[in-house]
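What you are looking at is a predicted structure, and each value in this text was computed from that prediction instead of being measured.
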Amino acid sequence: MSNKIKEIWAAGKPVINGWCSIGNPFVAEIMAGQGYDSVTVDMQHGALDYSDLLPMLQAMKGSGPALMARVPWRDPAQIMKALDAGAMGIICPMINSRAEAEEFVSYLRYPPLGQRSFGPTRAGFAMPGYSVAVNDEVLAWAMIETADGMANLAEIAETPGLDGIYVGPSDLTLGTQNGRLAPALDRQEPEMIALIKEIAQVSRDKGVKCCLHCLTPEYAAQAIAWGYDMVTVGADARFLAAAASASVQTWRELTGN
């Protein structure tokens, strides 16, 4: 039941996380085989649901990365089923207060630390000996994406049992800039970089990890220099679109069509 992400951090190294938004086990298997330390299945904005999540986790298990899921909302049913399917980390969107963070964390932990119901249907087979000891291995990530989330960042980061702060730059931009800036990753605006750096600093001060969702490996490397412990780089759908587009464009240039 050990969590590879925690092992990497214990060695003093950062983590690179892959991202799956296409609901297909073969695509997930391909992503998991590329050398990521961890891979997250996106149940919030991805084109998939629980019936896709479980076989995707099965397909990725043999490749070795730590497996996580981003759930659609702070919903105990979705969170607990993702854990029972074998996810070893949960990313929860739109955490705006300490109370919401406490509620979220409680859904990931078995009593007495939380209120997770015991019934690891697939996890129990995938990880022999699965028990309440998993409380110490499952990672709870709170997404900071709004003005309220930023205002309450320090209190959220102090939540007992919360392992990390996950930054989604697109929603963070929408939530803090009053529509002045379009949503996008890899922000270059000084005011957005200042917020991204602030989250890293507060996370360090409060003793939790932080992760930034990035578009390019170059920006992700910069995020590590800013103090981030984990970075998500790209996503399956983006990689597919970019490679296909580049291939078509090159052919048209070479043939003059």
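- Leu83 contributes atom CG, which lies 11.5 Å from atom OG of Ser117 (distance to the nearest 0.5 angstrom).
- The closest donor-acceptor contact from the side chain of Ser203 to the backbone of Ile199 lies under 3.5 Å.
- Looking only at side-chain heavy atoms (C-beta outward), Cys211 and Thr232 come within less than 4.5 Å of each other.
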| query | Is there a side chain to side chain contact (heavy atoms under 4.5 Å, CB included) between Leu108 and Arg116 once you walk through the steps? | reply | CA-CA 6 Å; Leu108 278 75; Arg116 181 183 173 190; 5.9 Å; no
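- Cluster annotation: Tyr36 and Met230 are assigned to distinct hydrophobic clusters (Ile/Leu/Val/Met/Phe/Trp/Tyr, side-chain heavy-atom contacts under 4.5 Å, transitive).
- Between the side chain of Tyr130 and the backbone N or O of Gly86, no donor-acceptor pair lies under 3.5 Å.
- Residues Tyr228 and Leu162 fall within the same hydrophobic cluster, defined by Ile, Leu, Val, Met, Phe, Trp and Tyr side chains chained together at heavy-atom separations under 4.5 Å.
- With contacts defined as side-chain heavy-atom distances shorter than 4.5 Å, the pair Leu212/Pro169 qualifies.
- Residues Leu215 and Val233 share a closest heavy-atom pair of O-CG1, 4.2 Å.
- With hydrogens and angles ignored, the 3.5 Å screen pairs no side-chain donor or acceptor of Asp236 with any backbone N or O of Met31.
- Using a 4.5 Å heavy-atom cutoff, the side chains of Ser170 and Leu174 are not in contact.
- Linking ILVMFWY side-chain heavy atoms closer than 4.5 Å, directly or via other members, places Val71 and Ile22 in two distinct hydrophobic clusters.
- Of the possible donor and acceptor atoms, none in the side chain of Ser245 sits under 3.5 Å from a partner among the backbone N and O of Ala242.
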| message | Could you go through Gln222 and Glu218, starting from their C-alpha distance and side-chain angles, then the distance that decides it, and tell me whether this counts as side-chain hydrogen bond (donor to acceptor under 3.5 Å, both in side chains)? | response | CA-CA 7 Å; Gln222 180 63 67; Glu218 291 79 11; over 6 Å; no
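- When the side chains of ILVMFWY residues are joined at heavy-atom separations under 4.5 Å, either directly or via intervening members, Ile193 and Val167 end up in a single hydrophobic cluster.
- Heavy atoms only, all atoms of each residue included: Asp229 and Trp9 are closest at O-NE1, 3.2 Å.
- Expressed to the nearest 0.5 Å, how far CD1 of Ile196 lies from NE2 of His213 amounts to 12.5 Å.
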| request: Take Ser38 and Asn17 through the test side-chain hydrogen bond (donor to acceptor under 3.5 Å, both in side chains) and record every step on the way to the result. | output: CA-CA 5 Å; Ser38 62; Asn17 179 55; 2.8 Å; yes
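- No donor-acceptor pair closer than 3.5 Å links the side chain of Thr250 to the backbone N or O of Ser247.
- More than 12 heavy-atom neighbours from other residues, nucleotides or ligands sit within 6.0 angstrom of NZ on Lys209.
- With rounding to the nearest 0.5 angstrom, the CG atom of Asp52 is 5.0 Å from the CG atom of Asp49.
- A salt bridge is absent between Glu189 and Arg180: the closest approach of a Lys/Arg side-chain nitrogen to an acidic carboxylate oxygen does not fall below 4.0 angstrom.
- Looking at Met56 and Val27, their side chains never come closer than 4.5 Å, going by heavy atoms from C-beta outward.
- Applying the side-chain hydrogen bond (donor to acceptor under 3.5 Å, both in side chains) rule to Gln44 yields the partners Arg70; only residues at least two apart in sequence or on another chain are considered.
- Distance alone, capped at 3.5 Å, places no donor-acceptor pair between the Gln115 side chain and the Ser106 backbone.
- Within the 4.5 Å cutoff, side-chain heavy atoms of Leu139 are placed close to those of Lys6.
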| task | Could you please spell out the steps behind the ring-ring contact (aromatic ring centres under 6.0 Å, His included) verdict for Phe239 and Trp19? | result | CA-CA 10 Å; Phe239 293 142; Trp19 199 260; over 10 Å; no
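- Between the CG atom in Asn3 and the CD1 atom in Ile8 there is a gap of 9.0 Å [rounded to 0.5 Å].
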| said: For a side chain to side chain contact (heavy atoms under 4.5 Å, CB included) check, start with the C-alpha distance between Ile165 and Lys206, then their side-chain angles and the critical distance, and finish with the verdict. | reply: CA-CA 11 Å; Ile165 301 296; Lys206 300 302 180 181; over 6 Å; no
| task | Check step by step if side chain to side chain contact (heavy atoms under 4.5 Å, CB included) holds for Met127 and Val134. | result | CA-CA 10 Å; Met127 290 169 269; Val134 79; 5.9 Å; no
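- A donor-acceptor pair under 3.5 Å is absent between the side-chain atoms of Asp186 and the main chain of Cys214, judged by distance alone.
- In this structure, the side chains of Arg109 and Val138 come closer than 4.5 Å at one or more pairs of heavy atoms.
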| message | Pair Asp42, Ser21 - check side-chain hydrogen bond (donor to acceptor under 3.5 Å, both in side chains), show working. | response | CA-CA 5 Å; Asp42 185 8; Ser21 57; 5.8 Å; no
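- Nearest approach of Cys210 to Ala200, heavy atoms of both residues: SG-CA, 3.9 Å.
- Minimum heavy-atom separation, Met94 to Glu145: N-OE1, 2.7 Å.
- For the pair Val231 and Ala223, the tightest heavy-atom approach, listed with the atom from each and the gap, is CG1-CB, 3.8 Å.
- In this structure, the side chains of Leu172 and Met150 come closer than 4.5 Å at one or more pairs of heavy atoms.
- Residue Lys61 qualifies as open at atom NZ: its count of foreign heavy atoms under 6.0 Å is 12 or below.
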| field | Step-by-step side chain to side chain contact (heavy atoms under 4.5 Å, CB included) determination, Ile144 to Glu198 | value | CA-CA 12 Å; Ile144 299 299; Glu198 179 184 350; over 6 Å; no
| From CA spacing to verdict: side-chain hydrogen bond (donor to acceptor under 3.5 Å, both in side chains), Gln201, Arg204 | CA-CA 5 Å; Gln201 183 63 57; Arg204 286 197 301 272; 2.7 Å; yes
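- In this structure, the separation between CD on Glu102 and CD on Glu158 is 10.5 Å, given to the nearest 0.5 Å.
- Between Tyr219 and Trp226, the distance separating the two ring centers is shorter than 6.0 angstrom.
- Heavy-atom contacts from other residues, nucleotides or ligands closer than 6.0 Å to CZ of Phe118 number more than 12.
- In this structure, Asn135 contributes its side chain and Tyr110 its backbone to a donor-acceptor pair below 3.5 Å.
- Contact of the Met192 side chain with the Thr176 side chain is registered, since non-hydrogen atoms from C-beta on lie closer than 4.5 Å.
- Summarising the geometry of Leu53 relative to Ala85, their closest heavy-atom pair is CD2-CB, 4.4 Å, with the distance given to 0.1 Å.
- The distance from the CG atom of Leu195 to the OG1 atom of Thr173 is 8.5 Å, given to the nearest 0.5 Å.
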